[in-house]
Visitor: 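This is the structure, below, for whatever I ask next.
Only heavy atoms go into these numbers, but all of them, side chains included; no hydrogens, no water, no symmetry mates.
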Amino acid sequence: MKNYISLSKYPGKTGEYFYNNLFKHYGINAKYTAQQSDKPELSLQKAIQENASGISVSMPYKKTIIPYLDNITNDCEIYQSCNTIVNHNGSLTGHNCDLAGVIHTCSSISADDYVVVLGDGAMASMYVRYLDKFDLTQCARKTKTWELRHKPCDVIINATGMGTSSDQSPYARLPPNVKLVIDLSVKQGQLKSLCQASDVKYLTGREFYKYQFKVQFQIYTGIEINDQIYDKYDNAFLG
């Protein structure tokens, strides 16, 4: 049986649900286990020793894990982010499957939109890099630009823990002129409720995760997941 794991500071059940159900659906003799990690470099060594075939990397290790890999793809290099590692007999190759989710969610943004990106981690930085030709402001506490999130804008991209690891919203009310919110939260939180109350289009993290997951699953298994199959399991898990 092949073994796949995730390395996360705060592991959840989403990956285990999708991977183990889809392994079973496609008749793949494999198991996926979410693992908590405070020292990802040591966790990588353990994964090699235990012959893990693939390693999914979650926040906040997507950038810091790169120096410990033997090879990385161009997308990892360009965006300095890795969420997928393949183990080839002890040689670790990093991939950036998150980019598929970024590309999909950004397809709803118009060329003349003014965009506000919330956060300064790997995911926020990837959106900023991908949208480098757009009129854009990045807001984060560490850079003392957090208050700029209240400026009138067309699009908000939330890549912070507010709404993702908690139900809280970065806003008490949405800024003027907002027509689209891209929120990387998989579960519904206060930000989604604000969008519903203001009739603002809301893209949940479920949209992002679907496209990221499909690419990652294909890298691990060589199988391209049918949208109808994925949606069946998504609806059963999240409603």
Side-chain angles (χ1 to χ4, degrees), residues 57-66 72-84 95-166 168-186 188-212 215:
V57 183
S58 299
M59 300 289 282
Y61 304 132
K62 294 184 180 185
K63 182 176 181 179
T64 57
I65 203 73
I66 291 177
I72 58 173
T73 63
N74 287 338
D75 289 338
C76 278
E77 178 68 33
I78 292 170
Y79 292 95
Q80 283 297 290
S81 183
C82 169
N83 81 311
T84 304
H95 300 259
N96 180 357
C97 302
D98 285 332
L99 185 59
V102 171
I103 292 171
H104 172 73
T105 52
C106 285
S107 65
S108 297
I109 302 176
S110 301
D112 57 350
D113 283 341
Y114 173 55
V115 182
V116 167
V117 177
L118 306 181
D120 60 356
M123 287 306 310
S125 299
M126 193 182 311
Y127 273 99
V128 170
R129 180 64 184 269
Y130 183 75
L131 297 170
D132 63 347
K133 295 182 180 179
F134 283 71
D135 188 7
L136 182 147
T137 297
Q138 185 175 10
C139 306
R141 290 182 176 83
K142 289 182 181 179
T143 56
K144 298 182 179 180
T145 56
W146 188 237
E147 290 304 315
L148 295 178
R149 74 191 188 281
H150 296 298
K151 294 174 59 176
C153 62
D154 299 294
V155 179
I156 295 170
I157 300 173
N158 179 36
T160 71
M162 300 180 73
T164 52
S165 61
S166 73
Q168 295 177 323
S169 169
Y171 296 96
R173 61 180 180 272
L174 295 177
N177 305 330
V178 175
K179 61 183 182 182
L180 170 65
V181 171
I182 299 170
D183 185 13
L184 299 189
S185 174
V186 173
Q188 180 174 352
Q190 294 177 14
L191 185 54
K192 182 176 181 179
S193 298
L194 285 176
C195 291
Q196 290 174 331
S198 302
D199 197 27
V200 171
K201 182 178 180 180
Y202 177 87
L203 288 183
T204 173
R206 289 169 68 172
E207 287 288 314
F208 176 94
Y209 185 77
K210 174 181 178 178
Y211 287 85
Q212 174 269 323
V215 172

Visitor: State which residues pass side-chain contact (heavy atoms from CB on, under 4.5 Å) with Thr143; sequence neighbours excluded, sorted by chain then number.
Guide: Ala140, Thr145

Visitor: The criterion is side-chain hydrogen bond (donor to acceptor under 3.5 Å, both in side chains); which residues satisfy it with Thr137, sequence neighbours excluded?
Guide: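 Partners of Thr137 by the side-chain hydrogen bond (donor to acceptor under 3.5 Å, both in side chains) criterion, ordered by chain and then number, come out as Tyr114.
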
Visitor: Would you please name every residue forming a salt bridge (charged side-chain N to carboxylate O under 4.0 Å, His left out) with Lys210, sequence neighbours left out?
Guide: Asp227, Asp231

Visitor: Partners of Lys179 by salt bridge (charged side-chain N to carboxylate O under 4.0 Å, His left out), sequence neighbours excluded?
Guide: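 Once residues adjacent in sequence are excluded, the partners of Lys179 under the salt bridge (charged side-chain N to carboxylate O under 4.0 Å, His left out) criterion are Asp113.
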
Visitor: Using residues 123-135 as the side-chain source, report each donor-acceptor pair under 3.5 Å to any protein atom, sequence neighbours left out, with the distance given to one decimal.
Guide:
residue : atom : partner : partner atom : Å
Ser125  : OG   : Gly121  : O            : 2.9
Tyr127  : OH   : Thr105  : OG1          : 2.7
Arg129  : NH1  : Ile78   : O            : 2.9

Visitor: For the residue pair Leu191 and Pro170, what are the closest heavy atoms and their distance?
Guide: CD2-CD, 4.3 Å

Visitor: Is there a donor-acceptor contact under 3.5 Å linking the side chains of Asn158 and Thr160?
Guide: yes

Visitor: Do you know the tightest heavy-atom contact between Ser108 and Lys201?
Guide: OG-NZ, 3.6 Å

Visitor: Salt bridge (charged side-chain N to carboxylate O under 4.0 Å, His left out) with Asp154: which residues, sequence neighbours excluded?
Guide: none

Visitor: Closest heavy-atom contact between Cys82 and Val57?
Guide: O-CB, 3.6 Å

Visitor: For the residue pair Val116 and Cys139, what are the closest heavy atoms and their distance?
Guide: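 That would be CG1-SG, 3.7 Å.
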
Visitor: For residues 168-177, pull every pair meeting salt bridge (Lys or Arg N to Asp or Glu O under 4.0 Å), keeping only residues two or more places apart or in separate chains.
Guide: none

Visitor: What distance do Lys62 atom NZ and Thr84 atom OG1 have between them, rounded to the nearest 0.5 Å?
Guide: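 Here the rounded value is 8.5 Å.
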
Visitor: Looking at every non-hydrogen atom in both residues, tell me the closest pair between Cys76 and Asn96 and how far apart they are.
Guide: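 Smallest interatomic distance, heavy atoms only, reads SG-N, 3.5 Å.
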
Visitor: Mind checking the CD1-CD spacing from Ile66 to Glu77? Nearest 0.5 Å is all I need.
Guide: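 Here the interatomic distance stands at 7.5 Å.
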
Visitor: Among residues at least two apart in sequence or on other chains, which ones pass side-chain contact (heavy atoms from CB on, under 4.5 Å) with Pro175?
Guide: Ile156, Tyr171, Val178

Visitor: May I ask you to test the Asp75-His95 pair for a side-chain heavy-atom distance under 4.5 Å?
Guide: no

Visitor: Test of understanding: with ring-ring contact (aromatic ring centres under 6.0 Å, His included), list the residues that count as partners of Tyr79, not counting sequence neighbours.
Guide: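 None.
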
Visitor: What's the spacing between Ile157 CD1 and Ile182 CD1 if we round to 0.5 Å?
Guide: 4.5 Å

Visitor: If you round to the nearest 0.5 Å, how far is CG of Asp183 from CZ of Arg206?
Guide: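 Answer for the CZ-CG pair, Arg206 versus Asp183, is 13.0 Å.
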
Visitor: Flag the pair Val181 / Leu194 as yes when at least one side-chain heavy-atom distance between them is below 4.5 Å, and no otherwise.
Guide: no

Visitor: Mind checking what makes side-chain hydrogen bond (donor to acceptor under 3.5 Å, both in side chains) contact with Asn83, not counting sequence neighbours?
Guide: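 For Asn83, the residues satisfying side-chain hydrogen bond (donor to acceptor under 3.5 Å, both in side chains) (neighbours in sequence not counted) are Asp98.
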
Visitor: Which pairs, with at least one residue in residues 143-153 and sequence neighbours excluded, count as a salt bridge (Lys or Arg N to Asp or Glu O under 4.0 Å)?
Guide: Glu147-Arg149

Visitor: Work out which heavy atom in Tyr211 is nearest to a heavy atom in Ala100; give both atom names and the distance.
Guide: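 Reported closest heavy-atom pair: O-CB, 3.6 Å.
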
Visitor: Atom OH of Tyr209 and atom CG of Leu184: how far apart are they, to the nearest 0.5 Å?
Guide: 13.5 Å

Visitor: Could I get the full list of side-chain contact (heavy atoms from CB on, under 4.5 Å) partners for Pro176, not counting sequence neighbours?
Guide: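 Pro176: side-chain contact (heavy atoms from CB on, under 4.5 Å) contacts with Pro152.
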
